[in-house]
J.: 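A single structure is presented below for examination.
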Amino acid sequence: RERKDRLVESLLGRASPVEAKYLVKIMIGEMRTGFQEGLMELAVSRAFSTPLELVQKASMLTGDIGEVAYLLKEHGEAALSKLGLRLMRPLKPMLAQMAESPREAIEEHGGETAFEYKLDGARIQIHKVGEKVKVFSRRLTDVTDSLPEIVQAVREGVKAHEAVLEGEVIAVGRDGHPLPFQHLMRRFRRVYEIEKMLREIPVKLYLFDLLYVDGESLIDEPYLERRNRLSRVVEGIPLTEQLVTGNPAEAERFFRKALEEGHEGLMAKRLDSPYKPGVRGKHWLKIKEPLEPLDLVITAAEYGYGRRHGWLSDYYLAARDEETGEFLVVGKTFKGLTDQEIIEMTERLKRLAIMEEGNRVVVKPEIVVEVAYNEIQKSPKYKCGMALRFARITRIRDDKSPEEVDTIQKVRKIYEKQFEKKARL
DNA sequence: CCTGACTGCCC
DNA sequence: ATTCTGC
DNA sequence: GCAGAATGGGCAGTCAGG
């Protein structure tokens, strides 16, 4: 430690101010070069004079741009064209865009679509060759060892020698109702004490897609065909509940039923759509519903980074405790305001500042905002023991005074109400 | 061996 | 994950 | 319409320090 300190000290001592700035940025991982995988694909495409589309497709299929570059260097463009889905090598998952309602999804998909329950768990991709099974997470991490009962279920329930399947793992309670997402996270990616947690938090697999079966890639087959093949290939593993319809009222009822059973909402999948690895398009739409909005007061804010440098862009949101009159933080958000609104908010908050500590400004509780969120989680971090999941500001409530914000008691009531649909550990 | 800070990844 | 912005 | 930027809560894992 001492040695490190001295090395850094001497390095900075020898640097010019500008050099020092970038040295520190590098050391603390704040370079913000704007260089992500998309640019890397472009770079590889140019470096090997290969069409960008081909590089992108290969990147999706292998989930590894480094490997694509290697293939191009060693075997040239032909190797990429020949590239298909490979067993035991994960491909990037197909992604969904958002839709507001089942009706909108039906319209977008041309009058009829397939709705499936959207479960609040973790997406997995399963590769099976005989008794060998590998399970990959959404970011293609191998999570096989964390989920022994899923591996076992696949061995027993997938009636094909080779298969690549997709599904969602959720944690379930004794009655079969879904447990809140945070319980699943105690199982997912766990490496130690798996046996012990296996008993405490049971997980369950729901399958929804089949990408490969016994030598045949299905990724270019239409959704309905893949789904049919899936239902024929599995026994004893549930598929996500599904309804194919063009009737908005029927779809809406299905949506309500999913929510009533404690699930997140629906997916809508275009009937004739191929499986497009890594693509976030309109072939798949997700439909969720926020819980009832809360009016909360901003009690502190933090300065942003990068493009939000110099702006108070991250806000602490508090509800009022009707027993003590105290404002208690239930979450933090940076979402929902436009740049212009953030600039204005910065000015207002600075005028309300009570105290500054580091990056944070504590303010007089005065500005009320309407906040949307999707769940109230049990929180080890906040004093009130609860936290909003996916909090975002939907409106600035200048018509409301801080005395009128929602109470902790109301937040707790909504928290408790969630367990009418979900299981509790 | 325990704790706290931090990272990476699930959403 | 959600939201906004710039192309 | 899309990619990219900014950053939420919670969890397991890792690492440094005591």
Side-chain angles (χ1 to χ4, degrees), chain A residues 1-5 27-42 52 56 93 95-98 100 108 118-124 135-143 145-147 168-171 178-194 196-197 201 203 264-265 278-282 286 288 290 301-317 329-343 359 371-382 384-394:
Chain A
R1 173 71 207 256
E2 289 268 318
R3 212 177 107 251
K4 282 187 198 165
D5 283 356
M27 285 187 280
I28 65 172
E30 286 291 334
M31 267 307 275
R32 290 174 195 253
T33 52
F35 194 97
Q36 299 196 154
E37 202 170 59
L39 253 189
M40 192 63 204
E41 284 164 2
L42 186 61
L52 179 59
Q56 285 171 334
L95 303 168
Q97 288 194 26
M98 230 161 21
E100 285 304 308
E108 178 64 42
K118 185 177 193 306
L119 310 182
D120 191 10
R123 176 103 176 250
I124 56 170
V135 182
F136 300 97
S137 73
R138 178 183 155 142
R139 298 278 197 95
L140 317 186
T141 310
D142 188 333
V143 292
D145 292 343
S146 307
L147 306 168
E168 187 89 0
V169 210
I170 62 169
L179 280 164
F181 176 75
Q182 61 192 148
H183 297 301
L184 173 70
M185 286 296 96
R186 307 213 322 203
R187 287 289 316 274
F188 209 73
R189 283 163 50 235
R190 175 174 284 277
V191 173
Y192 306 105
E193 302 188 289
I194 292 167
K196 180 175 160 241
M197 292 308 290
I201 304 173
V203 298
E264 233 190 338
V279 173
R280 187 186 294 280
K282 291 196 178 242
K286 56 183 161 185
K288 304 201 213 179
E302 279 169 11
Y303 283 101
Y305 290 86
R307 66 189 307 282
R308 291 180 165 195
H309 181 81
W311 299 342
L312 287 167
S313 56
D314 204 2
Y315 312 110
Y316 288 81
L317 308 166
V329 176
V330 292
K332 214 175 154 203
T333 188
F334 59 94
K335 294 192 277 254
L337 299 189
T338 62
D339 284 3
Q340 189 53 43
E341 287 172 319
I342 295 172
I343 291 167
N359 202 30
V371 176
Y373 57 96
N374 287 43
E375 192 191 5
I376 301 175
Q377 291 179 291
K378 186 172 165 57
S379 171
K381 180 159 116 175
Y382 293 125
C384 71
M386 300 177 291
L388 307 183
R389 179 147 78 129
F390 310 139
R392 61 266 189 192
I393 294 172
T394 45

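Order of the sequence lines sets the chain letters (A, B, ...), proteins ahead of strands, with each chain counted from 1.
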J.: Below 3.5 Å between N/O atoms, which protein atoms pair up with nucleotides 8-11 of chain B? Just atom names and distances, please.
T.:
residue: B:dG8; atom: N2; partner: A:R189; partner atom: NH2; Å: 2.7
residue: B:dG8; atom: N3; partner: A:R189; partner atom: NH2; Å: 3.4
residue: B:dC9; atom: O4'; partner: A:R189; partner atom: NH2; Å: 3.3
residue: B:dC10; atom: OP1; partner: A:S137; partner atom: OG; Å: 2.5
residue: B:dC10; atom: OP2; partner: A:R139; partner atom: N; Å: 3.1
residue: B:dC11; atom: OP1; partner: A:R123; partner atom: N; Å: 2.9

J.: Have a look at A:N374 and say if it touches a base, only the backbone sugar-phosphate, or nothing, with a 4.0 Å heavy-atom cut-off.
T.: nothing
J.: The side chain of A:Q36 is closest to which nucleotide in this list: D:dT14, D:dA12, D:dA5?
T.: D:dA5
J.: Under the 3.5 angstrom rule, does the side chain of A:Q377 hit a backbone N or O of A:Q182 as a donor-acceptor pair?
T.: no
J.: Is A:R389 close enough and on-axis enough to A:F181, meaning under 6.0 Å and within 45°, for cation-pi?
T.: yes
J.: Nearest-Å distance, CD1 (A:I201) to C1' (D:dC11)?
T.: 10 Å
J.: Counting side-chain heavy atoms from C-beta on, which of D:dT7, D:dC2, D:dG13 comes nearest to A:Q97?
T.: D:dC2
J.: Check whether any side-chain heavy atom of A:W311 lies under 4.5 Å from a side-chain heavy atom of A:D339, and answer yes or no.
T.: yes
J.: In whole angstrom, give me the gap between the P atoms of B:dC11 and D:dA6.
T.: 23 Å
J.: Measure the spacing between CG of A:L388 and NZ of A:K332 and express it to the nearest 0.5 Å.
T.: 13.5 Å
J.: Below 4.0 angstrom from OP1 or OP2 of D:dG8, is there any side-chain N or O of A:K332?
T.: yes
J.: Kindly say if A:Y303 contacts the phosphate of D:dT7, meaning a side-chain N or O under 4.0 Å from OP1 or OP2.
T.: no
J.: Base, sugar-phosphate, or nothing: which does A:L184 touch, judged by heavy atoms less than 4.0 Å apart?
T.: nothing
J.: Look at the side chain of A:R307 and decide which nucleotide, out of D:dG4, C:dG6, D:dG10, has an atom nearest to it.
T.: C:dG6
J.: Can you tell which of C:dC4, D:dG9, D:dG1 lies closest to the side chain of A:T338?
T.: C:dC4
J.: Using a 3.5 Å distance criterion without hydrogens, assess whether the side chain of A:R308 forms a donor-acceptor pair with backbone atoms of A:I342.
T.: no
J.: Would you check if A:I170 and A:L184 make a side-chain contact, meaning some heavy-atom pair closer than 4.5 Å?
T.: no
J.: Please figure out whether A:L95 or A:E341 has its closest DNA chain C nucleotide nearer the 5' end.
T.: A:L95
